[in-house]
Amino acid sequence: MSTKRKIYIGLMQGLMYLCTGLTAALVLFLFGYVLIKGIPNVTWELLSTKPSYLANRIGILPDILNTIYIVIATLLVVLPLGVGAAIYLTEYAQNKKVVEVIEYAAETLSGIPSIIYGLVGMLLFSNNFGTSILAGALTLVIMNLPTVMRTTQESLKTVPQSYREGAFGLGAGKWRVIRTVVLPGCVDGVITGCILSIGRIIGESAALLFTAGYAHAVNGFFKGLRSPGATLTVALYVYAKEEGEFAVAFAIAAILMILTLLINLSTTLVGKYFGKRRNV
Amino acid sequence: MRKNKIFEDIVHAIFLLLGLITVGCVVIITVYLIISGIPAIKEIGLINFLFGKEWASTAADPKFGILPFILTSIYGTAGAIVIGVPVGFFTAVYLSKIANSKVRAIMESAVNLLAGIPSVVYGLVGMLILVPAIRKTFNVPDGSGLLAAIVVLAIMILPNIIKVSITSLDAVPIEYEDASYALGASPIETFFKVSVPAAKSGIAAAVVLGVGRAIGEAMAVMMVAGNVANMPSLFQSVRFLTTAVASEMAYSSPGSLQRNALFSIALVLYMFIMLINAALNFFLKRDKEK
């Protein structure tokens, strides 16, 4: 082998190890740093109270509740829409052009930056419902629609055509086939879509700043929907950038990191669980 | 039987409606952005708006030139690509072609974690580690600026680049590589001279996806870029298109020229994203056709 080739091979090999090592080190460092700086600040008092100037303390209970409300509200709307759209695409659509247009639209939606969602959400929803969790949730519905649609579509494609034909052969109508054969087959896709959406909702900030606002009040679910409120991510931004409360910011960051970890873990588990069942 | 047919038609219509929702959303977003973005551009003048070098929205004699934001967004994205793409590319080749299944599984979940970290967390870490580090290393008065934003963006696009590149490298037919081995090429030569060119559409798509993510990122950049409307320079505080919108939206009053100009900036950003989407689609299609 010529020297030139040897150098080329060595160089490429070195670069690959270097870059992979760099990526691994980056992940380790980010997680380690945030957890080490954040975990000691996660106290029961922080988790269970709301901010109070009188007592001079910061609590993130309202932000936790707001995050839960916005996740529930968003999923309640986006699931029927996304699953319905996926069913239309795989079960009904005959015209290839229509399918192409819808899929292109979904791709476009998933490429739009969240700050633009924030602006449009402000114009569309906040101007009608006021700056509120509901307006934020509706904005997130548009953002997560492509995700739910795609995961459902993927799992619908794995439902064997023969199942549908069998049901049709027994005289079932289209709706009945969808209800009894197709829908149960796409449970894994819907769950995966749910988990991915939850991850995206928890991590979202730019789209919520102008639609859901950044109040820290403890409300019940229905009153919460109609009031402005910060989610954990928005609260992190406000505490770090506007108020310089880095201890609280790191505590929230650590919580977000752990949630990210759990969400990734559950996507893998769901994939494994359903993958195994299907192979049986 | 007749009744059944009507029922089925209704169900069909409902699903059709649901299917068209994504299209409706895109149309609504586009229309809203155009309607709210045009007035300010008309008032300021397209040339003055796009190529004006000065942005002073709250001055007594307000100036609305967004050239600094456009250039900052372009430079910032280019910088992130220059750093992020090589790192992501070599990592992807290693994971797709060389790593054993255990290493690959671990690294893939690490990359997924990286993708899942909220952007404000990147911003927070950047604020507290990167910004002081840049200040000390380069001996500048303030570390927050274009360079800090570039590094944060490079890290944020890394998972996209790695994941999309791996998918397309995995799809290269094994026969191509076998043929290359048979001609006496070493594995490394095969990977870089046969597999990579065969996967080039997919890798191009990965890069375009990275561009889209970098140009659209707002919060992390907001926390590390310093946020002053300067012309871009590595160590100066700068504003991106995204952060220009985010930073003034909260205090601009509805209906004012300032707020309308912010919508116009969003419209410009949207145009960029549409171009990037079209490019992405082009590469993905070519990758599939192969």
Side-chain angles (χ1 to χ4, degrees), chain A residues 9 12-13 15-16 19-20 22-24 26-27 30 33-34 81 84-85 87-89 92-93 101-102 104-109 111-116 119-120 123-124 142 145-146 149 173-175 199 202-203 205-206 209-210 233 236-237 240-241 246 249 253 256-257 260-261 263-264 268, chain B residues 4 7-8 11-12 15-16 18-23 25-26 29 32-33 36 86-87 90-91 93-95 98 107 109-114 116-121 124-125 127-128 155 158 162 186 188-189 192 212 216-219 223 242 245-246 249 263 266 269-270 273 276-277 280-281:
Chain A
I9 292 171
M12 287 305 176
Q13 203 154 19
L15 279 172
M16 276 194 295
C19 292
T20 312
L22 204 64
T23 310
L26 203 66
V27 178
L30 271 171
Y33 180 73
V34 170
L81 298 184
I87 288 181
Y88 177 75
L89 282 181
Y92 281 100
V101 169
I102 293 177
Y104 189 76
E107 253 162 58
T108 309
L109 277 187
I112 295 178
S114 46
I115 182 86
I116 289 193
L119 282 192
V120 175
L123 292 170
L124 264 179
I142 307 182
L145 199 56
M149 197 179 107
K174 185 119 193 172
W175 167 238
I202 290 176
S205 44
L209 219 45
F210 312 120
T233 338
L236 192 170
Y237 172 74
K241 188 86 200 314
F246 291 115
L256 289 173
M257 286 294 211
T260 312
L261 210 68
I263 284 166
N264 278 18
T268 323
Chain B
N4 251 339
F7 174 73
E8 289 293 344
V11 174
H12 188 152
F15 277 116
L16 173 66
L18 290 173
L20 289 175
I21 276 189
T22 49
V23 183
C25 287
V26 173
I29 290 175
Y32 259 83
L33 280 174
S36 42
V87 177
F90 282 108
T91 309
V93 176
Y94 177 78
L95 292 181
I98 299 178
M107 279 302 288
S109 48
V111 169
N112 281 334
L113 278 180
L114 210 55
I117 298 175
S119 49
V120 284
V121 175
L124 179 67
V125 176
M127 254 171 109
L128 290 175
I155 298 173
L158 205 52
I162 296 177
S186 81
I188 303 263
E189 283 171 320
F192 283 97
E217 179 52 44
M219 302 311 275
M223 292 166 91
T242 48
V245 178
M249 196 42 99
F263 284 121
L269 177 63
Y270 190 66
I273 294 290
I276 292 166
N277 263 342
L280 182 65
N281 235 46

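Throughout, a chain's letter reflects where its sequence line sits, starting with A, and its residues are numbered from 1.
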Checklist entry - Among B/Asn281, B/Val26, B/Thr22, which residue meets the side chain to side chain contact (heavy atoms under 4.5 Å, CB included) test with A/Glu107? => result B/Asn281
Checklist entry - Given that the side chain runs from C-beta out, which part of B/Leu158 has a heavy atom under 4.5 Å from chain A: side chain, backbone, both or neither? => result side chain
Checklist entry - Is the backbone of A/Lys174 close enough, under 3.5 Å, to the side chain of B/Glu8 for a donor and an acceptor to pair up by distance? => result yes
Next on the checklist: Taking every non-hydrogen pair under 4.5 Å, which of A/Met257, A/Met16, A/Lys241 racks up the most with chain B?
Outcome noted: A/Met16
Next on the checklist: To the closest 0.5 Å, what do you measure between CG (B/Leu114) and CG (A/Leu26)?
Outcome noted: 6.0 Å
Next on the checklist: Need one label for B/Leu33: side chain, backbone, both or neither, based on atoms under 4.5 Å from any heavy atom in chain A.
Outcome noted: side chain
Item to check | Toward chain B, the part of A/Leu89 with a non-hydrogen atom under 4.5 Å | outcome: neither
Item to check | Which atoms of A/Ile116 approach chain B - backbone, side chain, both or neither, heavy atom under 4.5 Å | outcome: side chain
Next on the checklist: Can you list everything that forms a side chain to side chain contact (heavy atoms under 4.5 Å, CB included) with B/Ile273? Sequence neighbours excluded, please.
Outcome noted: A/Pro113, B/Ile215, B/Asn277
Next on the checklist: With a 3.5 Å distance limit and no angle check, can you tell me whether B/Glu189 reaches the backbone of A/Ile9 through a side-chain donor-acceptor pair?
Outcome noted: no
Checklist entry - So which part of B/Met127 gets closer than 4.5 Å to some heavy atom of chain A, the side chain, the backbone, both or neither? => result side chain
Checklist entry - Got a sec, which residues hit side chain to side chain donor-acceptor pair (under 3.5 Å) with B/Ser109, two or more places apart in sequence or on another chain? => result none
Checklist outcome for this item: Given A/Leu81, A/Leu256, A/Leu119, A/Leu145, the one with more heavy-atom pairs under 4.5 angstrom with chain B than any other is A/Leu119
